[in-house]
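Notes for the one structure printed next.
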Amino acid sequence: MDRATENELLEELAGLREARSFYLDDAVTTSPVARYTCPERFARERQALFRTLPAVAAHSSELAGPDAFLTRDLAGLPLLLTRDGDGAVHAFLNVCRHRGSRLVDEDSGCRRRFACPYHAWTYDNRGALKGIPHGAAGFPGVDREALGLKRLGCREAYGWIWIAPDGADAPDIDDFLDGLAADFAWLDAGSLKIVHDDTEERAANWKILYEGGLESYHFRIAHKDTIGPFFQDNLSSYRMFGRHIRSILPRARLDAEMALPEENRSLRRATNLVYSIFPSSQLLVQEDHIVWIQSLPLAPDRTRVRLATLAPADTDTGDPETARHWRKNHGITLRTLSEDFAIGESIQSGLLSGANEALHFGRFEGALDRFDRTVEAELAAEN
Ligand code: FES
Ligand SMILES: [Fe+2]
């Protein structure tokens, strides 16, 4: 992002604040509660969004060196990500081609070869089938080349590892980011590393958790004991980039920032940015670090959420003072987001009560409606 854009976004919010106004869409909208409860819709969403669109599978620092590997479950898709000896990243289904056992059980490590725990069919980290015990007697004539690990399209870009869950070719990330490529270059996530990460399961539909990151209406209320006092009341703006949303949430220090000469103002110092990368990742961007929130649907009313704090790669976590700083930072993030997720669970628990046929989105909650319409458009395109 260039300085002119940073300044334009700051001016827009400062103007709204001065006018005691809000970033308003045209109309109040609604979202039927069945969107969050219906099992049949859930299955369609999982297929059309999570099994079809490119997804961030990992941060580059999680596959740090040659022969590193990690395993993930991405909305029911078992993944094995590897970095080969030449530094190239590969994505495979973590499933043996013999009789389908999970190939690798560990979360991560460093290895060139993987032997299946069932009968020890062995694959290298480029996916080739290298060994079949008693193969000459038991599998004469079997086409070993065709029985390499099932490969998914995969690309490393802007510090992230992206996959094509539908088995298509390596995704074109600039195309997928739909106008956000310059922002991703500006974020420079490749210069960061994950210093803390936590995964939890929450009893709420994935969209409810995602929607909680798209408005600031609740900040002063739901986050009154944590981050609320550091933000402007109900003030935020957003822009759509294709399916994705960039939200800007000004901090209390917006006024102090606007008092600086234009060339000294910093959007990252004066605001939090949230990049909602459809459908599963939200990047909460702060002055010197990024929090990656990944919501993966397990059931209509169940979502696995991973929260990772990314700090500058030269962060010396061996230094007690530095380690304490990032631990504290991650702790505040966990506390704040568990306020959001607890409310998400409370919403989910009331959906089937009959109190609401639909949820209501105010004019300053316009990003929620845009997000929901994006979901609908993807489902319609799938049909
Ligand atoms: S299932 Fe993997 S070797 Fe048999
Ligand atoms: Fe929140």
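Along the sequence shown, residues are numbered consecutively beginning with 1. Any value given below was found using the heavy atoms of this structure, including those in side chains, with hydrogens, waters and symmetry copies removed. Just follow the structure's listing: the first ligand is 1, and inside any ligand the first atom is 1.
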Go through ligand 1 atom by atom and flag the ones less than 4.0 Å from a non-hydrogen atom of [X].
| X | answer |
| --- | --- |
| Cys96 | 1 (S), 2 (Fe), 3 (S) |
| Ala120 | 3 (S) |
| Trp121 | 3 (S) |
| His119 | 1 (S), 3 (S), 4 (Fe) |
| Tyr118 | 1 (S), 4 (Fe) |
| Cys116 | 1 (S), 2 (Fe), 3 (S) |

Is a side-chain N or O of [X] found less than 3.5 angstrom from the main chain of [Y], in a donor-acceptor match?
| X | Y | value |
| --- | --- | --- |
| Glu201 | Arg304 | no |
| Thr122 | Ala115 | no |
| His59 | Ala189 | yes |
| Thr52 | Gln47 | yes |

Measure across Asp316 and Thr322 and return the closest heavy-atom pair with its distance rounded to 0.1 Å.
O-CB, 3.5 Å
What class does the angle between the rings of Trp162 and Phe184 fall in, given that below 30° is parallel, 30 to 60° is tilted and above 60° is perpendicular?
tilted
OD1 (Asp340) to the Fe ion (ligand 2) to NE2 (His223): angle, nearest 10 degrees?
90°
Among the N, O or S atoms of His98, the one nearest atom 4 (Fe) of ligand 1:
ND1
Could you verify whether a donor N or O on one side chain and an acceptor N or O on the other, from Arg151 and His90, lie under 3.5 Å apart?
yes
Of Arg102, Arg97, Arg99, which has the heavy atom at the shortest distance from atom 1 (S) of ligand 1?
Arg99
